[in-house]
Amino acid sequence: QVNHFRNEKHIHVYGTDMPDPIESFDQLFKSYQIDKNYMENLTNMGFKVPTPVQMQAITAILHAKVMVCAPTGSGKTLAFGLPILHKLGEHKTGGFRALILAPTRELAKQIQSEIVQVSKGSSLKVRYLLSSKTVENRKKWMNAGYFIVGKFNMVITTPKKFVYVLKKFRSELSLKSVEWLVVDESDKLYEDGDMGFRQQLGNIYKACQSSALRTLLFSATFSKEVELWCQLNLDNLLRIYIGNINAATDTVDQHLVYTGSEDGKIYALRNIFKEYQPPVLVFVQSKQRADELFVELLGDGMNVQAIHSDKSDVQRDGIMKNFLNGSVHILICSDVMARGLDFKNVNLVINYDFPTSAVAYIHRIGRTGRAGRPGKAVTFFTDDDVRYLRSIVNVIRQAGCEVPEYMLRIQKPPRYFFSSFPFLSNVFVSTK
Ligand SMILES: Nc1ncnc2c1ncn2[C@@H]1O[C@H](COP(=O)(O)OP(=O)(O)OP(=O)(O)O)[C@@H](O)[C@H]1O
């Protein structure tokens with residue numbers, strides 16, 4: 001019966017003694033004695049039924065170390081947040097017991113905000129780690145005994161910021177109390193060219209000395225290397241996969257638009273903007289491209305902003321706030337904003353520059369179609385992108401959608417590909 005339920009929900013599990021999934025939040029209250037207060041908060045947040053990842057991961061986390069791979073927008077934050085809150089129980093001094101790491105400050109703040117909402121009314125203190133660059137803040141931390149006295153129970157931050165804190169407070173800061181270490185977007189650990197993230201996490205992992213440490217790894221996309229690392233380093237690991245591996249969420253209506261050359265992109269974008277419903281996210285390949293497109297669209301009189309890692313923290317906070325409250329209609333982003341962020345109202349994502357991998361594509365378009373809501377993603381491709389088209393086409397097809405036969409045959413075409421096939425110049429592939 002349990003297996004039938006898992007099959008129905010596309011829940012795939014590996015590891016011994018995997019607890020049964022729950023079918024309703026009520027079961028958490030009845031069978032696991034999860035605080036009634038948390039249950040009420042879930043209702044107030046509009047969460048009526050657990051999502052498939054929550055059904056299985058919540059009970060698994062109450063028992064063991066867990067690695068989870070589930071689609072974008074499927075509710076992974078609550079899947080780790082709720083069982084940890086339950087395990088933390090009441091507020092205690094003596095150091096924080098849960099450390100949650102996410103690759104960007106925006107995502108860390110978002111996680112904190114959701115967990116604070118779930119834990120409303122409890123004595124637990126959930127903290128997003130403040131910027132540590134100013135002397136005042138450092139002094140404030142020291143005076144408040146920020147970590148040492150154990151003012152907080154759960155700390156959420158980026159690996160980069162936490163490594164900085166570890167160095168600055170080497171003699172005062174002990175991670176002995178940390179029992180829960182969550183790595184969100186864990187496959188970023190092995191992403192090409194992201195050695196920094198891996199090294200930072202390595203340092204943090206070494207510093208967590210508790211023998212009771214439970215590591216939880218979450219991501220929307222799968223990495224063989226992460227799985228291997230988990231199998232080698234984490235004993236009695238439970239693994240949970242929801243749906244197909246490295247698949248886009250099926251609530252997104254995906255389109256490919258051939259724009260010919262680089263110049264064609266701006267015309268195609270202007271066409272879309274004749275009928276768009278804000279807010280819209282536009283992904284480009286680099287900070288410089290983001291700034292250039294920003295100037296171009298500003299010249300068109302569009303209500304636009306650009307966000308990337310060269311902007312200061314204050315600027316990034318301001319831009320995010322304005323986009324989320326609707327006063328900015330179009331947000332141009334580099335890939336730094338592609339992971340984890342929950343833009344509730346975004347129903348259109350445009351890949352102005354072709355993504356560098358299928359994984360990047362899945363995260364980018366996953367900024368829409370969240371929590372079962374419908375969304376649309378439009379990806380521009382030029383003659384230069386054709387050679388990379390195949391990997392994206394596979395993702396679109398895996399989402400159960402039709403793609404033209406010729407695209408499935410694309411390998412590495414010569415440069416004259418499109419001039420030999422003029423019928424492709426108007427290609428517009430709908431997935432629905
Ligand atoms: N049980 C639920 N019912 C309805 N909405 C939910 C439920 N759980 C979470 N949500 C909402 O779904 C949205 C996506 O959740 P979340 O940000 O945790 O997704 P995610 O799986 O972490 O996505 P990503 O892989 O992009 O980081 C959020 O707006 C969240 O509030």
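Below, each value reflects all heavy atoms present in this structure, side chains not excepted, and no hydrogens, waters or symmetry copies. Atoms within each ligand, like the ligands themselves, are counted from 1 in listed order.
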Q: If only atom types and distance count, is the side chain of K76 paired as donor or acceptor with the main-chain N or O of P71 below 3.5 Å?
A: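 Such a contact is found between K76 side chain and P71 backbone.
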Q: Report yes or no: is the cationic atom of K265 (NZ for Lys, CZ for Arg) closer than 6.0 Å to the six-membered ring centre of Y352, at no more than 45° off its axis?
A: yes
Q: Answer yes if the side chains of T382 and D385 hold a donor-acceptor pair under 3.5 Å, and no otherwise.
A: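 The criterion, which ignores hydrogens and geometry beyond distance, is satisfied for D385 and T382.
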Q: Could you tell me whether a side-chain N or O of D353 sits under 3.5 Å from a main-chain N or O of Q285, the two making a donor and an acceptor?
A: yes
Q: Determine all donor-acceptor pairs shorter than 3.5 Å in which one atom belongs to a side chain in residues 212-219; sequence neighbours excluded.
A:
from, atom 1, to, atom 2, distance (Å)
R214, NH1, I61, O, 3.3
R214, NH2, H63, O, 3.3
S219, OG, D187, OD1, 2.6
S219, OG, T221, N, 3.2
S219, OG, T221, O, 3.1

Q: Write 'none' if nothing qualifies; otherwise put on separate lines each N/O atom of ligand 1 with a protein N/O atom under 3.5 Å away and their distance to 0.1 Å.
A:
from, atom 1, to, atom 2, distance (Å)
ligand 1, 1 (N), V49, O, 2.9
ligand 1, 1 (N), Q54, OE1, 3.0
ligand 1, 8 (N), Q54, NE2, 2.8
ligand 1, 17 (O), R370, NH2, 3.0
ligand 1, 18 (O), K76, N, 3.3
ligand 1, 18 (O), T77, N, 3.0
ligand 1, 18 (O), T77, OG1, 2.7
ligand 1, 19 (O), G75, N, 3.3
ligand 1, 19 (O), R370, NH2, 3.3
ligand 1, 21 (O), S74, N, 3.1
ligand 1, 21 (O), G75, N, 3.1
ligand 1, 21 (O), K76, N, 3.1
ligand 1, 21 (O), K76, NZ, 2.8
ligand 1, 23 (O), G73, N, 2.8
ligand 1, 23 (O), R370, NH2, 3.0
ligand 1, 25 (O), K76, NZ, 2.7
ligand 1, 26 (O), R367, NH1, 3.0
ligand 1, 26 (O), R367, NH2, 3.0
ligand 1, 26 (O), R370, NH1, 2.8
ligand 1, 26 (O), R370, NH2, 3.3
ligand 1, 27 (O), E185, OE2, 3.4
ligand 1, 29 (O), D342, OD1, 3.4
ligand 1, 29 (O), D342, OD2, 2.5
ligand 1, 29 (O), K344, NZ, 3.3
ligand 1, 31 (O), E114, OE1, 3.3

Q: Less than 6.0 Å separating the ring centroids of Y241 and Y14?
A: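 Judged by ring-centre distance (under 6.0 Å), Y241 and Y14 do meet the cut-off.
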